Amino acid sequence: MAAPFRLYNTLTRTVEDFVPVTPGRVGLYVCGMTVYDRCHVGHACAMMIFDTFVRYLRHRGWEVEFVRNFTDVDDKIINRANEVGEDPLALAHRFIAAFHEDADAMGLLRPDHEPKVSESIEDILTLTQQLIDRGHAYVVDGSVWFSVETFDAYGRLSGQKVDELRSADAAEGKRSGADFALWKAAKPGEPAWPSPWGPGRPGWHIECSAMAASRLGDTIDIHGGGLDLVFPHHENEIAQSECGHGAKYVRYWMHNGLLTMSSGQKMGKSLGNVINIEDALGAFPAQTLRLYYLQNHYRSPLPWGDEALPEALAMLSRLYEAREVAEAMGGEGDAEQLAKELGPDAEAVLNLGRAFPARLYAALDEDFNTARALGDLFELARAINRFANHKKAKKRGGPVVAPALAAFALVADATGLMAQPTRDFLDEVKTKRLAALGITRDEIEAKLAERNALRAEKRWAEADAVRGELDARNIVVMDTADGVDWRVKLG
RNA sequence: GGCGCCAUCGCCAAGCGGUAAGGCAGAGGACUGCAAAUCCUUUAUCCCCGGUUCGAUUCCGGGUGGCGCCUCCA
């Protein structure tokens with residue numbers, strides 16, 4: 001049974017109860033990449049948010065059909081291809097492969113469909129013809145333009161007024177400056193397909209209208225994308241789809257906030273401060289990125305800076321280490337009774353763990369508030385650690401901490417965060433950070449052995465000197481009850 | 001200029017009518033041979049000015065500041 005939830009709708013600018021076209025099912029379309037370069041952490045933000053959203057809906061019993069397109073025919077692709085002397089489609093498909101590599105490395109689910117413009121020409125031609133037939137589009141010199149003034153609701157999503165858009169040049173035979181291309185007549189050296197109006201290629205917006213309808217029907221439940229797509233892209237999609245199909249296009253518009261640089265501006269190629277996914281993932285586990293994106297509400301701008309990933313990793317490590325502590329607890333028996341015996345801190349973890357599912361759902365069902373959910377998780381982590389400080393916790397605390405471990409498993413299933421086995425994660429952190437620091441495990445083990453020998457003889461000063469050497473190389477030594485352990489300094 | 005969003009502790013960030021979650025960083029304490037980790041303690045007149053209300057960070061109006069879009073953008 002699908003659980004109800006609420007979602008902010010850009011069209012109405014309010015949080016609404018979600019009511020799908022078909023009970024229990026969600027048709028979700030998300031604008032994907034224009035593939036002319038590698039994916040950067042800004043793109044990944046949208047990818048990760050919708051990936052997490054899909055996981056959550058499925059976790060809550062919804063049957064989700066998730067479509068995310070590739071725009072592989074576009075001005076920017078053509079320009080880039082001309083620069084490097086490559087066939088535009090070949091270039092686009094090269095970057096689709098790269099995108100898949102990045103997406104897989106980030107731990108993203110594949111959408112159910114990933115349509116490409118180049119494979120959707122038929123649908124695009126059909127929709128364009130429909131728009132001409134219905135008097136919403138006109139042909140000029142082999143190009144087809146959408147006539148904005150034929151659609152009264154134009155501008156409703158973005159709050160733009162058609163009158164004000166007219167100031168733009170009515171170039172290339174457009175009747176109005178606000179009109180936009182559905183089909184562009186072929187120019188020499190550009191990819192082109194035959195059409196009733198002559199050879200050409202699709203305009204920028206028509207693809208999404210066509211691809212969304214062909215996979216999800218005339219009315220889709222949720223359409224997602226970055227906030228920067230609201231105008232003109234999504235506005236134009238509405239115009240095309242509603243005029244062409246005569247049906248409401250989208251029930252809920254879900255826009256994610258953009259990644260911003262510490263300077264306040266969004267990340268962009270023109271600013272020259274772009275971090276690619278593969279670079280980010282070289283030094284940090286994929287889970288780091290997921291936590292980084294989820295720590296903010298999805299509609300807020302997300303600040304990026306040099307400390308963003310290190311800080312996210314510090315947070316994540318805290319979570320994983322708390323889970324490791326809980327996992328190490330043994331014992332058996334009735335949790336309730338045991339908690340009473342072990343004291344208030346035991347009772348606290350037990351209760352927090354048990355209350356967690358309801359809190360998680362409350363946060364996520366209300367406009368997908370991952371930030372709030374994360375706050376709750378950290379409280380749980382602290383409760384575990386506090387309890388773990390008790391002498392008897394490790395031997396007997398297992399049952400008390402079982403609901404907390406279940407809570408972590410729940411988070412993993414519902415959001416993809418904490419989905420990695422604890423040991424794997426902690427190991428990956430070491431491997432990646434060590435590689436970044438240029439130090440090997442063998443070197444560390446050797447130093448540790450040296451220090452242990454000195455400690456055994458209580459030659460503290462010398463032992464501390466060895467520790468100091470390691471510390472200088474960003475290795476932190478930890479003497480625990482179970483022996484000597486070490487961590488890589490974060491940051 | 002037009003449209004929209006936002007302003008909460010040093011930094012990041014929830015909350016959105018009943019005097020403020022969480023994280024990072026800092027300080028002090030417990031623990032430790034000393035550390036680290038962990039735990040405890042500790043830091044908020046919620047941008048300003050009006051208004052509505054018994055009561056506002058939360059609602060309304062006006063400022064100020066920031067950002068996004070209006071040309072390609074996740």
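What you see is a predicted model, and the numbers here were worked out from it, not measured in a lab. Below, read A as the first sequence line, B as the second, and so on, with proteins coming before strands; counting in each chain starts at 1.
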Residue pairs fulfilling salt bridge (Lys or Arg N to Asp or Glu O under 4.0 Å) with at least one residue in residues 346-356 of chain A, sequence neighbours excluded: A/E336-A/R354
Sugar-phosphate, base or nothing in reach of A/L227, heavy atoms under 4.0 Å: nothing
Touch class at under 4.0 angstrom, heavy-atom based, for A/D464 against every strand present: base
Selection from B/C3, B/A14, B/A74 that lies nearest to any side-chain heavy atom of A/Q160: B/C3
Sugar-phosphate only, base, or nothing, as touched by A/G375 at under 4.0 Å among non-hydrogen atoms: base
Nearest listed nucleotide, side chain of A/L229, among B/A36, B/A74, B/C69: B/A74
Given A/D365, A/D367, A/D17, the one that forms salt bridge (charged side-chain N to carboxylate O under 4.0 Å, His left out) with A/R6: A/D17
Sugar-phosphate, base or nothing in reach of A/H297, heavy atoms under 4.0 Å: sugar-phosphate
Touch class at under 4.0 angstrom, heavy-atom based, for A/V477 against every strand present: base
Touch class at under 4.0 angstrom, heavy-atom based, for A/T480 against every strand present: nothing
Shortest side-chain distance from A/T34, nucleotide among B/C70, B/G23, B/A74: B/A74
Touch class at under 4.0 angstrom, heavy-atom based, for A/R451 against every strand present: base
Base B/G4 paired with A/R13 side chain (donor-acceptor, <3.5 Å): no
Touch class at under 4.0 angstrom, heavy-atom based, for A/N369 against every strand present: sugar-phosphate
Whether A/N276 side chain and A/E278 backbone form a donor-acceptor pair below 3.5 Å: no
Strand-adjacent residues in residues 376-391 of chain A, judged by heavy atoms under 4.0 Å from RNA chain B: A/F378, A/E379, A/R382, A/N385, A/R386, A/N389
Pi-cation contact, A/F387 with A/R382 (under 6.0 Å, within 45°): no
Given B/G23, B/C3, B/C34, the nucleotide with the shortest approach to the side chain of A/R467: B/C34
Sub-6.0 Å ring centroid separation between A/H100 and A/F70: yes
Side chain of A/R318 (C-beta onward), nearest among B/U38, B/C69, B/A14: B/U38
Shortest non-hydrogen contact between A/R318 and A/N385, atoms and distance: NH1-ND2, 4.4 Å
